[in-house]
Number of protein chains: 2
Amino acid sequence: MSTSRPQEANPPVNGSLPRQRRTYSIGELARMFEVTPRTIRFYEQEGLLAPERRGQTRVYHEKDRVRLKLTLRGKRLGFSLAEIREVIEMYDAMPDGNARQLRRLLEILAEKRANMERQLEDIRLMQRELDDVESRAREVLDRLARHDT
Amino acid sequence: MSTSRPQEANPPVNGSLPRQRRTYSIGELARMFEVTPRTIRFYEQEGLLAPERRGQTRVYHEKDRVRLKLTLRGKRLGFSLAEIREVIEMYDAMPDGNARQLRRLLEILAEKRANMERQLEDIRLMQRELDDVESRAREVLDRLARHDT
DNA sequence: GACGACGTTGACGTTAACGTAAAGTGGTTG
DNA sequence: CAACCACTTTACGTTAACGTCAACGTCGTC
């Protein structure tokens, strides 16, 4: 987690396009989310994306952009690509999903939720530690300043 | 992030020990935190732990236990071992740290904080998605149930 | 005194998630 | 048309974070 920032990339700032007709090249998408094309191709290979093909080249639609966004968000939360794919697949298979599949999906969701609860707790704890370290550091700095004057 | 649970391991349930005199073997620590001894040795090799040595064997004190706890928490939050070590080292060097070091530490802390803010936002967003997927899944399940009856 | 549990140090293997380099295709632009 | 993009596939390389295995030492105990 090497301190990234933007990475969010919302719908192209235009508020009123022929909604849904926008497409993207791999390079565009890569710039939007600050990843390399290589990464995007890799995600496809791993079953996370399935762009259209026009001849040889990939054409991405809104659906793909959303998937990529969710994927990257999942990654930031520490999910593996395999886990993310699992959810995406089940989500896509939902309309005609049988009961067993759906129950399994609910299980997975509960798991993810629990996971995030833990993360929230971890973050709270970690923030406390940081508060602590920071105040100690400031203290020392202050002492140094006073002494140097 | 393969769905772990316990991993927290608080001070040995005893509330009133000769505070600070407790030590641990590598195996004990491993069981407490549900990691393997290999992992603990690896963390030492990476400079995250520095247990005492009695002859050949490692002896861990409270300090080491806390470090391990923080390390694992950091990991769950997606920090690399290198990042974690950086903070630990600076923290240890604090008392006699020079101003430059301290300022650098504050920088790093700010970075980590920002990171966690993003994670919090990601979690909120992700929870919404999950809510969404879940309600849709339940809907489908309900329809199936009614139809099957 | 053999056995089992636990500890030790190498050293090599493994997996995930890409990076990188090579070699080719397809369009457009000066 | 040549040069230059942006895109493609194939394939090998890399890094982090351990796992696994061998070969050995040290207890306690049966």
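Lettering of chains follows the sequences in order, A, B, ..., and the numbering in each one begins at 1. Excluded from the calculations below are hydrogen atoms, water molecules and symmetry mates; all remaining heavy atoms, backbone and side chain alike, are included.
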Nearest-angstrom distance from the residue atom [atom1] of [X] to [atom2] of [N]:
X	N	atom1	atom2	value
Arg54(B)	dC6(C)	CZ	C1'	16 Å
Arg85(A)	dA16(C)	CZ	C1'	12 Å
Glu28(B)	dA5(C)	CD	C1'	14 Å
Gln45(A)	dT8(D)	CD	P	14 Å
Glu44(A)	dT10(D)	CD	P	12 Å
Arg41(A)	dA6(D)	CZ	P	13 Å
Leu29(A)	dA6(D)	CG	C1'	15 Å
Ile26(B)	dT9(C)	CD1	P	8 Å

dT8(C), OP1 or OP2 - any side-chain N/O from Arg58(B) closer than 4.0 Å?
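Yes, within the criterion.
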
Is Ser25(A) near enough to dC7(D) that one of its side-chain N or O atoms lies under 4.0 angstrom from OP1 or OP2?
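It does, given that an N or O in the side chain of Ser25(A) lies less than 4.0 Å from OP1 or OP2 of dC7(D).
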
Please tell me whether Tyr24(B) and Glu62(B) have a donor and an acceptor in their side chains that are separated by less than 3.5 angstrom.
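Yes, a side-chain donor-acceptor pair sits under 3.5 Å.
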
Quiz item: cation-pi between Lys69(A) and Phe33(A), 6.0 Å / 45°:
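Output no; distance or angle outside limits.
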
Looking at every non-hydrogen atom in both residues, tell me the closest pair between Gly78(B) and Glu83(B) and how far apart they are.
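In terms of heavy atoms, the two residues are closest at O-OE1, 4.4 Å.
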
Taking the side chain as every heavy atom from C-beta outward, state whether Leu81(B) and Leu48(B) have any pair of such atoms under 4.5 Å apart.
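With C-beta onward as the side chain, the pair touches.
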
What is the nucleic acid contact for Arg53(A), judged by heavy atoms within less than 4.0 Å: base, sugar-phosphate only, or nothing?
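Touches sugar-phosphate only.
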
Name the pairs: protein N/O against N/O of nucleotides 17-20 of chain C, kept only if under 3.5 Å.
residue, atom, partner, partner atom, Å
dA17(C), OP1, Leu81(A), N, 3.1
dC18(C), OP1, Lys75(A), NZ, 3.4
dC18(C), OP2, Tyr43(A), OH, 2.6
dC18(C), OP2, Lys75(A), NZ, 2.8
dG19(C), OP2, Thr36(A), OG1, 2.7
dG19(C), OP2, Thr39(A), OG1, 3.4
dG19(C), N7, Arg38(A), NE, 3.0
dG19(C), O6, Arg38(A), NH2, 2.9
dT20(C), O4, Arg38(A), NE, 3.3

Rounded distance (nearest 0.5 Å) linking atom CD1 of Ile108(B) with atom CZ of Arg103(B):
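Taking CD1 in Ile108(B) and CZ in Arg103(B), the distance rounds to 14.5 Å.
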
Would one find more than 12 heavy atoms of other residues, nucleotides or ligands at under 6.0 Å from atom OH of Tyr60(B)?
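Correct, the count exceeds 12.
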
Whether Arg53(B) and Glu44(B) form a salt bridge (side-chain N of Lys/Arg under 4.0 Å from carboxylate O of Asp/Glu) is what I want to check.
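A salt bridge links Glu44(B) with Arg53(B).
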
